[in-house]
Number of protein chains: 2
Amino acid sequence: MKRPVDLPPSAAAAGNRRSAVVRAAGRLFREKGYAATTIRDIAQAAGMRSGSPFYHFRTKHDMLHAVVLEGLAAVHAAVALELNAGRPPRQTFEAMLRAHLQQVLGEEGRDFSAVLLHESRHLEPSALAEVIALKDAYEAMWQKVLKILKRAGLVADDSKAARLFLLGAMNWTTLWYRTGGPLSVERLARQLANFVLREPDKP
Amino acid sequence: MKRPVDLPPSAAAAGNRRSAVVRAAGRLFREKGYAATTIRDIAQAAGMRSGSPFYHFRTKHDMLHAVVLEGLAAVHAAVALELNAGRPPRQTFEAMLRAHLQQVLGEEGRDFSAVLLHESRHLEPSALAEVIALKDAYEAMWQKVLKILKRAGLVADDSKAARLFLLGAMNWTTLWYRTGGPLSVERLARQLANFVLREPDKP
DNA sequence: TAGACAAGCAAGCAATTGCTTGGTAGGATG
DNA sequence: CATCCTACCAAGCAATTGCTTGCTTGTCTA
């Protein structure tokens, strides 16, 4: 009956079944949406009975919160790595595109990031504010690379609107890209770079 | 107790309160999402009691269907008008951008189009198939203008992916654009055109 | 071997959900 | 005047919802 209130002792080992709940919630929230997913759905997908997820989470909202934070952390880490790899502007940009698309479309992280992108509005106000702050920090990296690209003459516009157009083009792929289709994520990143950059294409 | 099954006699006058239900549903579906909106919410917003909307619609799904079709018809008509206005490529393109963004962001049609963009997955399979067919026809107009732009050397890529990048950039605005902010819809359209086209900017 | 704790289960409760049912006010129609 | 039809209301039903409660199991430690 007791609960691991904030940090369970020896969280690494203890968080094993908890993460099963998060993964199940992530997949279902992406497939059916937050509001249309029931606790019973999540419990069953995690191999539990309907009351058991509440051992790990206080509310359903908390499950959404955990999913969204996981998505945000993963995409931030992946893109930050490429931004700081010390490559020239165009290569840095394309690597960041690839990393973002990989996170958003790849088997591994697509559930978390799709939920982040499409279900955040169902968060409670305080959790939403936290997520928005983290998202702003993430998007600042894109503003930074746009600035670099403009200095290099590779792009004409590094405004806030330009950043949002770019992120929109990327994030919208979650609604149409199909894994196993004719287009790999790498080629998609290359194609978006060519679509956006003002430079002779590199096929 | 009887219902106007398919076509109510003298539909023009009779469909008055019905359209109040559609407008209320559109606004609530956009604000809270389809699954999180209750019949009671819709009825109250339309000034009715909770059972009354079912005089006009068989199910809640049918209400979503009506909202989505309204959004699709409006944006299709607005953009088709500009595509066929007989202007030169760049002007045609920018006018289409403006028309789409006007529909998606403007007071008048944003409820319907935002629901179309973000809630279509909650449609029943048969209704979804119908909507997808109409959406494909809509997007074909964008493929067409991209082809024209490429012939004119204004864009480097007129592939299917390029079209989806463009639509993504536009449709994502529904998640960040705020009416009354510093950026008008007209300027937004101009800025997106400059972001995408390979030509000296026209400020 | 005894105790403690992590991690669940079985059962159910109060509220909410989509939707149905029988009725009815008010205008049009004969 | 009698009838019909449109558009709604008042009430409620069966199912589902998020969540709670008391209890059990397996495992680790002293």
Side-chain angles (χ1 to χ4, degrees), chain A residues 1-25 28-29 31-67 115 119 122-124 127, chain B residues 1-25 28-29 31-67 115 119 122-124 127:
Chain A
M1 295 204 28
K2 238 193 218 164
R3 309 218 162 124
V5 227
D6 264 333
L7 292 178
S10 83
N16 213 349
R17 303 300 345 271
R18 179 191 148 110
S19 85
V21 174
V22 175
R23 283 199 307 277
L28 290 164
F29 290 165
E31 287 173 359
K32 319 186 359 172
Y34 171 78
T37 300
T38 72
I39 294 291
R40 287 164 178 81
D41 292 337
I42 297 170
Q44 187 178 15
M48 297 173 176
R49 303 300 178 126
S50 72
S52 303
F54 292 100
Y55 175 77
H56 301 282
F57 295 93
R58 274 182 27 260
T59 65
K60 185 186 173 190
H61 276 107
D62 282 1
M63 300 178 204
L64 176 61
H65 193 185
V67 169
V115 171
E119 307 292 330
H122 295 287
L123 291 167
E124 302 153 303
Chain B
M1 293 211 21
K2 240 193 217 167
R3 309 224 161 119
V5 229
D6 264 330
L7 290 179
S10 83
N16 216 349
R17 300 306 339 275
R18 180 192 147 109
S19 84
V21 174
V22 176
R23 284 199 308 275
L28 290 165
F29 289 165
E31 288 174 357
K32 319 186 359 173
Y34 171 78
T37 300
T38 70
I39 295 292
R40 286 164 179 81
D41 291 336
I42 297 170
Q44 187 178 13
M48 297 172 176
R49 304 300 178 128
S50 73
S52 302
F54 291 99
Y55 175 77
H56 301 281
F57 296 92
R58 277 185 20 263
T59 66
K60 187 185 170 192
H61 276 107
D62 282 1
M63 301 179 202
L64 176 61
H65 194 184
V67 169
V115 172
E119 309 292 331
H122 295 287
L123 291 167
E124 301 153 304

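Lettering follows sequence order; numbering is per chain, from 1.
- Taking atom CZ of residue B:F54 and atom C1' of nucleotide D:dA10, one finds them 15 Å apart after rounding to whole Å.
- Going from atom CZ of A:R58 over to atom P of D:dG18 covers 16 Å, rounded to whole Å.
- The CE-C1' distance, from A:M48 to C:dA11, rounds to 18 Å in whole Å.
- Taking side-chain N and O atoms only, B:S52 has no distance below 4.0 Å to OP1 or OP2 of D:dA7.
- Regarding A:I39, its CD1 atom lies at a distance of 10 Å from the P atom of D:dT20, rounded to whole Å.
- Using modelled atom types, one side-chain atom of B:T38 and one backbone atom of B:D41 make a donor-acceptor pair closer than 3.5 Å.
- Side chains of A:V22 and A:M63 form no contact here, defined as non-hydrogen atoms less than 4.5 Å apart.
- Each end of the helix from C:dT1-D:dA30 to C:dG30-D:dC1 gets its own axis, taken as the rotation carrying the C1' atoms of four end pairs onto the next four within a five-pair window, and the two axes meet at 10° to the nearest 10 degrees.
- Cation-pi geometry between A:K60 and A:F54 is not satisfied (NZ or CZ under 6.0 Å from the ring centre, within 45° of the ring normal).
- Taking only side-chain nitrogens and oxygens, B:H56 comes nearer than 4.0 Å to OP1 or OP2 of D:dC8.
- What separates CZ of A:F57 from P of C:dG8 is a distance of 11 Å, to the nearest Å.
- Neither OP1 nor OP2 of D:dG18 sits under 4.0 Å from any side-chain N or O of A:H61.
- Rounded to a whole Å, the CZ atom of B:R49 is 17 Å from the P atom of C:dT24.
- For the pair B:R17 CZ and D:dT6 P, the interatomic distance rounds to 17 Å; values are reported in whole Å.
- Between A:Y55 and C:dA7, a side-chain N or O to OP1/OP2 separation shorter than 4.0 Å is present.
- Partners of A:T59 according to the side-chain contact (heavy atoms from CB on, under 4.5 Å) rule, which considers only residues two or more places apart in sequence or in another chain, are A:H61, A:D62.
- The shortest distance between side-chain heavy atoms of A:M48 and A:R17 falls below 4.5 Å.
- One N or O on the side chain of A:T37 and one on the backbone of A:L28 form a donor-acceptor pair closer than 3.5 Å.
- As judged by a 4.0 angstrom heavy-atom cut-off over every strand, B:S50 is placed among the base-contacting residues.
- In terms of position along DNA chain D, the nucleotide closest to A:T38 lies nearer the 5' end than the nucleotide closest to the other residue of the pair A:T38 and A:G51.
- Residue A:D41 contributes atom CG, which lies 7 Å from atom P of D:dT17 at whole-angstrom precision.
- Remark: B:Q44 engages no residue in a side-chain contact (heavy atoms from CB on, under 4.5 Å) (not counting sequence neighbours).
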